[in-house]
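Note that the numbering runs from 1 along the sequence shown for the chain. Numbering of ligands and ligand atoms starts at 1, following listing order. The model shown is predicted, which means the values in this text are computed figures rather than measured ones.
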Amino acid sequence: MYLTRDEELILAGEEGESSRKAMELVVALGKIYGAEDLIEITSAHLSGASYKTIGDGGLKYLEDMAEGGAKVSVPSTLNPIGMDRERWREMHIPQAFAEKQLRIIELYKSMGVSPTCSCTPYLGDNVPSLGDHVAWAESSALSFVNSYIGARTNREGGPGALAAAILGRTANYGLHIDENRRPTVIIEAETDGSVFSYSMLGQAVGMAVGGGIPYFRGVEPTVDDAKTMSAAMAASGSVALYHVEGVTPEAGNFDISGLEKVSVGAKELREAYDKLNTADDIQLIALGCPHLSRKEMKDIATFLKGKKKKNKDVEIWFCTSSKIRAECADEVKIMEEFGPVLADTCMVVAPIEGIFKRTGTNSAKAGNYLPTLCSQDVVCRDILKLMEVVL
Ligand code: F3S
């Protein structure tokens with residue numbers, strides 16, 4: 001693998017221990033995946049922000065990196081953390097967890113990472129452009145920016161994305177290369193046009209294609225549709241890039257004649273729905289996976305306005321970014337009559353196991369992870385149907 005003179009010097013430790021470790025990791029990944037060289041990136045998005053997911057081992061790794069003088073060299077944002085920084089008591093978070101979580105944020109801040117903690121940074125201040133090379137490590141977000149925006153990133157892990165952020169470079173392989181962005185299967189898709197049906201479509205397609213690169217026909221996803229579909233496909237399969245005919249910017253770049261065609265319609269969406277639903281009743285309704293957009297906040301508030309929460313036994317959490325929460329003050333006021341609008345956290349990376357057993361979600365991604373990462377049985381429905389439980 002070719003390294004420039006400067007890169008060799010970083011690897012030799014000339015720029016400090018943290019940069020050396022970062023280069024060692026990026027070079028090791030490059031060798032595993034057959035990269036010929038490194039490529040400059042314009043931004044990074046880091047996972048491994050919740051104390052629940054990284055534990056004491058991850059915290060120690062971050063302590064060591066910070067102590068070694070690690071500083072990011074490109075704009076870098078963070079994934080959701082295990083609690084709302086101010087309102088963690090409303091989430092039943094133990095004090096000991098909160099202290100460690102706050103320490104993690106301080107460590108990232110000391111490295112120059114923006115403490116915005118959202119899985120939808122592309123709706124905020126970290127918005128790549130078509131053709132940008134980036135190193136992103138949230139499966140839903142990286143699929144969205146690869147596909148809907150046409151930026152280029154592999155499915156980075158937390159340490160790999162942090163290393164790339166420090167170096168401002170990543171190994172040049174996989175989805176950074178034109179040829180590897182070619183579709184592998186055509187999906188003749190049907191939805192009813194709702195965001196929820198795009199979530200089920202993503203679930204069905206991820207199950208069908210695994211790690212392929214689907215090329216969709218017959219659908220026109222909006223930003224919110226693509227947000228939920230990206231998350232679902234990355235969770236039920238490992239899709240990191242897809243194309244949508246007439247919608248996504250690279251869809252017209254490839255000759256797709258001769259590709260296998262798969263139809264995904266009402267029957268497949270129903271199968272996806274049946275797979276995700278494992279409970280009949282709910283203790284918690286958690287919305288915002290991926291984090292609620294401005295439009296979703298508006299839609300929910302419009303629906304709830306003038307209504308009363310009658311079923312007090314069910315808690316409701318609305319999850320979004322701190323930026324969108326601050327921008328949607330009127331909507332937040334209405335929504336808070338039903339439950340807290342939590343910033344920079346989510347139902348999956350918060351330690352909800354032990355507090356709740358049955359959770360309602362409108363997200364196929366949450367529907368996949370709540371059973372495995374949070375020991376929950378799941379009710380997966382459209383938002384309005386979930387809300388019927390409390391009205
Ligand atoms: Fe985001 Fe948490 Fe879902 S990180 S995509 S809300 S599992």
Query raised in the report: Which protein atoms of type N, O or S are found under 2.8 Å from atom 2 (Fe) of ligand 1?
Result: Cys346 SG
Requested in this report: Just jot down the ligand 1 atoms closer than 4.0 angstrom to any heavy atom of Glu138, in number order.
Outcome: 5 (S)
Query - Atoms of ligand 1 close to Ser140 [distance to a heavy atom under 4.0 angstrom, numbered from 1] - result: 5 (S)
Requested in this report: Heavy atoms only: give me the nearest Pro249-Ile149 pair and the separation to one decimal.
Outcome: CG-O, 3.4 Å
Query raised in the report: Got a donor-acceptor contact below 3.5 angstrom from the Ser73 side chain to the Ala165 backbone?
Result: yes
Query - Backbone N/O of Ala49 and side chain of Gln101: donor-acceptor pair under 3.5 Å - result: yes
Report task. Scan side-chain atoms only and decide if Tyr242 and Ser230 contain a donor-acceptor pair under the 3.5 Å cut-off. Result -> yes
Query - Value rounded to 0.5 Å, distance of CZ in Arg294 from OG1 in Thr120 - result: 8.5 Å
Query raised in the report: Centre of Phe303's six-membered ring, under 6.0 Å away, within 45 degrees of the axis: is that where NZ or CZ of Lys307 sits?
Result: yes
Report task. State whether the number of non-hydrogen atoms from other residues, nucleotides or ligands found under 6.0 Å of Lys357 atom NZ is greater than 12. Result -> no
Requested in this report: For Gly288 and ligand 1, answer yes if some heavy atom of the residue is under 4.0 Å from a ligand atom, otherwise no.
Outcome: yes
Report task. Assess the side chains of Arg181 and Asn146: does a donor N or O sit below 3.5 Å from an acceptor N or O? Result -> yes
Query raised in the report: Is the closest heavy-atom distance from Ala231 to ligand 1 below 4.0 Å?
Result: no
